[in-house]
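Everything on this sheet refers to the single structure shown next.
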Amino acid sequence: MPNLATRATQIRPSPTIAMNARAAHMKQVGRDVIPLSLGEPDFHTPANVKAAGIAAINSDFTKYTATDGFPPLKRAIIEKLLRENGTRFLPEQIVVGSGAKVVILAALMSVVDAGDEVIIPAPYWVTYPDQVEIIGGKPVFFATTERSGFKLRPEDLKGVLTERTRALIFNSPNNPSGAVYTADEIRALADVLRGYPEVWIITDELYEHLVFDGRQASSFVQVAPGLADRIITINGFSKGYVMTGWRLAFAAGPKAVIKSMGDLLSQMTGSPNSIAQAAGIEALLGDQSFIKTNQEVFQSRRDFVVKRVNRIPGLSVSSPSGTFYVFINCGAWLGRTSAAGRKMNSDADVAEALLDEAGLAVVPGVAFGSSPYFRISISLDVDVLGLAMDRLESFAAALLATRSVA
Ligand SMILES: Cc1ncc(COP(=O)(O)O)c(C=O)c1O
């Protein structure tokens, strides 16, 4: 076989998808595994949204649309951005794509040249560094700490900006930490960025609706309108509207970058799925009450899990403000030996031991650039989460009973 392109040898498959696949395989061969690695809500797409998709099929709305998005969906997006974020956009400032993943890639392709630096605060969504590398950019990480609530502070940002920085990837609410930046915290970062006019801000606001305790997620461009000519807002339908499989997302930003993203997407994926777009209009303009219901369910699961985890010897977690993930500190387990004799020197070892010995699929912090942690998803019924907590507890008890060789 002829050689593959160098690029093909550099791409790593998504570690979260890989963990889900391993858990699914173990289940298939009869092992009892609780998939705490899931990256999607366990609810279903709201009935009115599904009905809009079905109606689209029945009315033969099944052909290509405009490659940058069906105009009525763009109008619905503009209405959403005004209604929820107080921001005003023109249709030429909106591009629709087949899921946030490819829309973020199109944004990076539009603003980052080979060798350009892209700042990625850690912990980060696993895909950002790989996408930056695919296009020849250089990811520059800044490890935020639990002490700062896993948030990038202005002084941290100042320390990593250089004359080669072309973009900052900002993600709030954050996957995996669940951190949600306040408007003041975003404003403070914007103050720093004002001094770096060549830097783009790619802000991934996909989990906007998944916030707890009455919070509202702040949109970067709403807080820092003075930087609007270099902010690319990414948002979509996957998480908040429970539409992961429909593959629909959008970006809002300056006309030139949005045109470039539309051109790129038209060459990569063509027009987004017509049926999903019809459903997307209903999602944005129809009944929104399920957003609150979903928030309440996730919030009560979060409270349950955080309380249980904090009672488990060697584990600790601070309560996340949003998303459906809980990012657990397992530092006190490192150096210890599991009941099956596995020496756990890293969070990857912990994840491996939990999968093999406790039947729990979790994603190690190293996948998100932050150790020693592991991420669990609370996208499971509270009874199943309870069972998962029982297993964690038993694993910890067995662990502590073994003699540490550390
Ligand atoms: C922070 C973040 N951004 C983007 C995505 C991708 O979303 P989509 O399914 O719309 O491609 C995900 C999915 O897990 C995510 O967690």
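Keep in mind that the numbers below use all heavy atoms, side chains included, and drop hydrogens, waters and symmetry copies. When a ligand or atom number is given, it counts from 1 through the structure's own listing order.
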Within a distance under 4.0 Å of any heavy atom of L206, pick out the atoms of ligand 1 and give their elements.
3 (N), 4 (C), 5 (C), 6 (C), 7 (O), 12 (C)
Against heavy atoms of S238, which atoms of ligand 1 measure under 4.0 Å?
8 (P), 9 (O), 10 (O)
Would you check if the distance from the ring center of F290 to the ring center of F43 is below 6.0 Å?
no
Basic-acidic side-chain contact under 4.0 Å: E393, R308:
yes
Between ligand 1 and Y325, is the shortest N or O to N or O distance under 3.5 Å?
no
Check for me whether T244 has a heavy atom closer than 4.0 Å to any atom of ligand 1.
no
For atom 1 (C) of ligand 1, find the nearest protein heavy atom and state the residue, atom name and distance (0.1 Å precision).
D204 OD2, 3.3 Å
Mind checking whether R247 has an N or O less than 3.5 Å away from an N or O of ligand 1?
yes
of all protein heavy atoms, closest to atom 6 (C) of ligand 1 is W125 CH2, 3.4 Å
Do D303 and K307 meet the salt-bridge criterion of a basic N to acidic O distance under 4.0 Å?
no
Regarding ligand 1, does K239 bring an N or O atom to under 3.5 Å of one of the ligand's N or O atoms?
yes
Would you mind listing which atoms of ligand 1 come within a distance below 4.0 Å of any non-hydrogen atom of Y207?
1 (C), 2 (C), 14 (O), 15 (C), 16 (O)
Aromatic centroids of Y124 and F170 separated by under 6.0 Å:
no
Check K151 with D156, please: is the shortest side-chain N to carboxylate O separation under 4.0 Å?
no
With side chains defined as the heavy atoms from C-beta onward, is the minimum distance between E146 and Y373 less than 4.5 Å?
yes
Y128, any N or O under 3.5 Å of ligand 1 N or O:
no
Is it true that D356 and R342 have a side-chain N and a carboxylate O under 4.0 angstrom from each other?
yes
Does the side chain of I232 reach to within under 4.5 Å of the side chain of I234, using non-hydrogen atoms?
yes
Please list, in number order, the atoms of ligand 1 under 4.0 Å from a heavy atom of G99.
10 (O), 11 (O)
Can an N or O of A100 be found at a distance shorter than 3.5 Å from an N or O of ligand 1?
yes
